[in-house]
Asks: 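To start, I am sharing the structure in question, which I have written as structure tokens.
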Protein chains: 2
Amino acid sequence: MAHRQDQQRRASIHDVASRAGVSAATVSKVMAGVATVKPENAQRVLDAIEQLGYRVDPLASDMRRAKRRIIGAIMPEFESEFFGQMVTQLESLAEQRGYTLVAASSRESEARETEILARMHDWRVAGVVLAPVRNEHGPAAAFMKANGMTGVLIDRVLSDDAFDTVSADSAAASAEVARELVGKGHRHILVVGLGEQAATVRARLDGFRTTALRLAPDARIDVVLAESDVEPLRAQLRDYFAKGERPTAVYSLFLKGTLVALSEFRRRGWHCPDNISLVGFDDAEWMQVTWPAIAAVVQPVRQIAGHAMEALFARIEGGEGPPTARLEPCQVLMRESVGSPGNGPHPANQ
Amino acid sequence: MAHRQDQQRRASIHDVASRAGVSAATVSKVMAGVATVKPENAQRVLDAIEQLGYRVDPLASDMRRAKRRIIGAIMPEFESEFFGQMVTQLESLAEQRGYTLVAASSRESEARETEILARMHDWRVAGVVLAPVRNEHGPAAAFMKANGMTGVLIDRVLSDDAFDTVSADSAAASAEVARELVGKGHRHILVVGLGEQAATVRARLDGFRTTALRLAPDARIDVVLAESDVEPLRAQLRDYFAKGERPTAVYSLFLKGTLVALSEFRRRGWHCPDNISLVGFDDAEWMQVTWPAIAAVVQPVRQIAGHAMEALFARIEGGEGPPTARLEPCQVLMRESVGSPGNGPHPANQ
DNA sequence: TTGAAAGCGCTAACAC
DNA sequence: GTGTTAGCGCTTTCAA
């Protein structure tokens, strides 16, 4: 803490006005760039602003305005690279338009999600970017609808009848993963995911299964879906392998699943890609430096953030029309964790 | 976007007042929990609030208050687990006290850091938690001082003459890493870091070197410090090894350095711990599932966040006294990436 | 081209 | 106990 510094009130618009010898209204006009101010007066105002170091108080300014220049962002968590990058992008885009981004974490709780939303409604934010915990049918989206809030849904959503949505094209990416794995000769593949994020998980699963079975009708696709938490998934995966199942490849539909799969491989002493291949949805920086590097689906964070903000501001500015549902293409990075089934000792033979 | 929903004005305090047959002031008192309201009237107010779904507008409420109930948080980035967890914690602690946390990323830029701070000053936040890009002597801290802002400095700081500081006890943790490595027999160790974060890096480096040399005066400690960016570090590290240097262990002073070290090991075909041992400052979830698991110093995020907020609110509530400088103890997790020098083929022998 | 006046939604003094 | 009054700092008619 600075000790008793210049704690004197900050200059207000009236201070500027009196110093420039005009009214507060004129100062306001100068700040807004209105042309109908006599150049001479405008200059006096500018000088006064400079001398006093005046800056408008955004809160006071918003009080009088119809829409406040604040965008709310609600993410399921802040701890992952994906959402970290997302918030960074959204913040940057909001700033570019002169808005402040207020980000909050729902910590994977739908109850908290609605609470935060209510608080943002109290703040009378101009719009909200909501990355729902579950999907577009949760209580948060319902709250937004019921209260006539302006918003965009991203990430774990497909499409909605009230809000624009933007998400990664999980189905297409998963189809590509299927092509890669089947192409390498895999015929017994395990898919792991979280059932909670229903629509997204289904898209990823269907996209994968459909393509895999089309290319190799004899292929066997097993699925291990935990309801809502990661620890149960760990247990289910352990059981699956304990039963003696020996797929040659695993496709994890989300980041934590990839970590769980890796840790299960560790426990069993299996290495990628010799004993088993692995591809994960969601990339992370470490995946390219570990040995082996882990193959991953890279989500187009910038595109998602960009189009979400575009859609949001279009609505804020009064844009009409039916809600849009965008799917942004992903990139699939096949790395060393994927090989051909025959290349090493199969776990079944150990 | 919800299409033409109940866009009618939200209930204001006056709506509640007239419905309850009292004045706005009385409603305000009820909301504030002031005891001097006739129970009967209080009930009528409560009923009206309930019926109208009234909630106070935090902005309007703050307008009239001396201190606004907003805490600003400025982090160098949002993409890492460390700062993600930090923001999550800070948000939670601010909420507990009825404050809103507004977080912003300086994106590792001191210029941006000052801009954000100026904007937070415009918002007249009650206090700021600043995790400076460089250290406590940057322009941001100077701005806070000059403008009499209330704040706490965390992470890349040691102590300050104007603000309370809270950070991990890097020196002690580094000393422990030294004990572990020397204890395992390492006598030639490379330390990599980023020079920009001067004080913190010095503390980590000194803590390590002092202890290592005390325990093994014959040990050789090499240092590769990049000025401010990660890519130069990569190049410097490459040069270092290209010169034929063959330390038996590497201690990275920050997370990105650990990634760079791993990727350089990859490039050279070295494995941990057989060819070289590795310990990194900063833990991450993936470090315990890769093979080998990577040894790391775990920073006490919760403690740092907790004490930072404690110190901040103490100052907000008028607490006096000289600034405090807290150091929170870290945990050192020795994992498989660390072994004894003799255990495998030394890279020099390859 | 300008400024007076009204008011955004709320709280805090101070009468009553 | 309660209501009146007076703002917080700004924007926005609207009349001059």
Side-chain angles (χ1 to χ4, degrees), chain A residues 7-46 48-49 52-70 98 100 119 121-126, chain B residues 7-46 48-49 52-70 98 100 119 121-126:
Chain A
Q7 290 289 9
Q8 78 276 14
R9 243 180 63 269
R10 285 188 63 160
S12 84
I13 198 170
H14 291 108
D15 301 325
V16 175
S18 62
R19 180 176 258 262
V22 296
S23 76
T26 301
V27 176
S28 180
K29 280 167 192 152
V30 172
M31 303 246 38
V34 173
T36 68
V37 177
K38 202 200 302 183
E40 188 193 309
N41 279 340
Q43 193 51 55
R44 299 171 55 92
V45 168
L46 259 16
I49 287 174
L52 296 170
Y54 170 73
R55 300 186 125 224
V56 306
D57 179 339
L59 259 69
S61 159
D62 273 354
M63 278 296 294
R64 200 43 228 279
R65 240 179 253 283
K67 286 276 181 191
R68 293 183 178 169
R69 267 116 84 247
I70 304 171
T100 297
R119 226 173 299 145
H121 189 217
D122 296 344
W123 274 67
R124 285 137 169 93
V125 297
Chain B
Q7 290 290 11
Q8 78 277 10
R9 241 180 64 270
R10 286 188 63 163
S12 85
I13 198 169
H14 291 109
D15 300 325
V16 175
S18 62
R19 181 178 257 263
V22 296
S23 75
T26 302
V27 176
S28 181
K29 280 168 192 151
V30 171
M31 303 248 34
V34 173
T36 68
V37 177
K38 204 201 298 183
E40 190 192 307
N41 279 341
Q43 193 52 54
R44 299 172 56 92
V45 168
L46 259 16
I49 287 172
L52 296 171
Y54 170 73
R55 299 188 127 224
V56 305
D57 178 340
L59 259 69
S61 159
D62 272 354
M63 277 298 291
R64 200 45 230 281
R65 240 178 252 285
K67 286 276 181 191
R68 293 184 178 167
R69 284 195 348 275
I70 304 171
T100 296
R119 225 174 299 145
H121 189 217
D122 296 344
W123 275 67
R124 285 138 170 92
V125 297

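Since the model is a prediction, treat every value here as computed from it, not as a measurement. Quick note on labels: first sequence line is chain A, next is B, and so on, each numbered from 1.
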Asks: Please pick, from C:dG9, C:dT2, D:dT12, the nucleotide with the shortest atom-to-atom distance to any side-chain atom of A:Asn41.
Replies: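 For the A:Asn41 side chain, the nearest candidate turns out to be C:dT2.
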Asks: Go through D:dC8, C:dT2, C:dC10 for me and flag the one nearest to the B:Val56 side chain.
Replies: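 Among the listed nucleotides, the one closest to the side chain of B:Val56 is C:dC10.
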Asks: Could you tell me whether the phosphate oxygens of C:dC10, OP1 or OP2, come under 4.0 Å of any side-chain nitrogen or oxygen in B:Ser28?
Replies: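 Negative; the distance criterion is not met.
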Asks: For B:Asp15 and C:dG9, what is the distance between atoms CG and P respectively, to the nearest whole Å?
Replies: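 So the two atoms are 9 Å apart, to the nearest Å.
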Asks: Checking all strands, does B:Ser12 fall into the base, sugar-phosphate, or nothing category for heavy-atom contacts under 4.0 angstrom?
Replies: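 B:Ser12: backbone/sugar contact only, no base atoms under 4.0 Å.
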Asks: Taking atom C1' of D:dC8 as reference, at what distance in whole Å does atom CZ of B:Arg65 sit?
Replies: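 Those two atoms, CZ and C1', are 12 Å apart.
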Asks: Establish, with yes or no, whether the OP1 or OP2 oxygen of D:dG3 is under 4.0 angstrom from a side-chain nitrogen or oxygen of B:Thr26.
Replies: yes
Asks: Looking only at side chains, do A:Arg55 and B:His121 share a donor and an acceptor under 3.5 Å apart?
Replies: no
Asks: In whole angstrom, what separates A:Asp62's CG from C:dG7's P?
Replies: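 To the nearest whole Å, that distance equals 20 Å.
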Asks: In whole Å, I'd like the distance from the NE2 atom of A:His14 to the C1' atom of C:dA4.
Replies: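 My rounded result for the distance is 11 Å.
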Asks: Which nucleotide wins on minimum distance to the side chain of A:Val37, given the candidates C:dT2, D:dC10, D:dC8?
Replies: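 It is C:dT2.
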Asks: Mind calculating the distance between NZ (A:Lys67) and C1' (D:dT11) to the nearest angstrom?
Replies: 18 Å
Asks: When the nearest nucleotide of DNA chain D is assigned to B:Lys29 and to B:Arg124 on a heavy-atom basis, which residue is associated with the more 5' position?
Replies: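 The residue closer to the strand's 5' end, by nearest nucleotide, is B:Lys29.
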Asks: Heavy atoms under 4.0 Å, any strand shown: does A:Thr36 hit a base, just sugar-phosphate, or nothing?
Replies: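 It contacts base atoms.
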Asks: Quick check: does any side chain N or O of A:Ser61 sit under 3.5 Å from a backbone N or O of A:Asp57, one acting as donor and the other as acceptor?
Replies: no
Asks: Nearest 0.5 Å, what's the CH2-CG distance between B:Trp123 and A:Asp62?
Replies: 7.0 Å
Asks: On DNA chain C, compare the nucleotides closest to B:Ala25 and B:Met63; which residue's is nearer the 5' end?
Replies: B:Met63
Asks: 5'-most contact on DNA chain D: B:Ala24 or A:Met31, nearest heavy atom basis?
Replies: B:Ala24
Asks: Could you give the CZ-to-P distance, from B:Arg64 to C:dC8, as a whole number of Å?
Replies: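 In whole Å, C:dC8 P lies 16 Å from B:Arg64 CZ.
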Asks: Measure CZ/A:Arg44 against P/C:dT1 and give the value in whole Å, please.
Replies: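 After rounding, the gap between these two atoms is 17 Å.
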Asks: Looking at the side chain of B:Lys38, which of D:dG3, C:dT2, D:dG1 is the nearest nucleotide?
Replies: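 Ranking D:dG3, C:dT2, D:dG1 by closest atom to the B:Lys38 side chain puts D:dG1 first.
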Asks: Given C:dG9, C:dG3, D:dG3, identify the nucleotide with an atom nearest to the side chain of B:Ser23.
Replies: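 Selected nucleotide (nearest to the side chain): D:dG3.
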Asks: With a 3.5 Å distance limit and no angle check, can you tell me whether A:Arg44 reaches the backbone of A:Ala42 through a side-chain donor-acceptor pair?
Replies: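 No, A:Arg44 side chain to A:Ala42 backbone: no donor-acceptor pair under 3.5 Å.
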Asks: Any donor-acceptor pair under 3.5 Å linking the side chain of A:Arg65 with the backbone of A:Met63?
Replies: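 Not confirmed, A:Arg65 side chain does not pair with A:Met63 backbone.
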Asks: Grab the CG-P distance between B:Leu52 and C:dG9 for me, whole Å please.
Replies: 14 Å
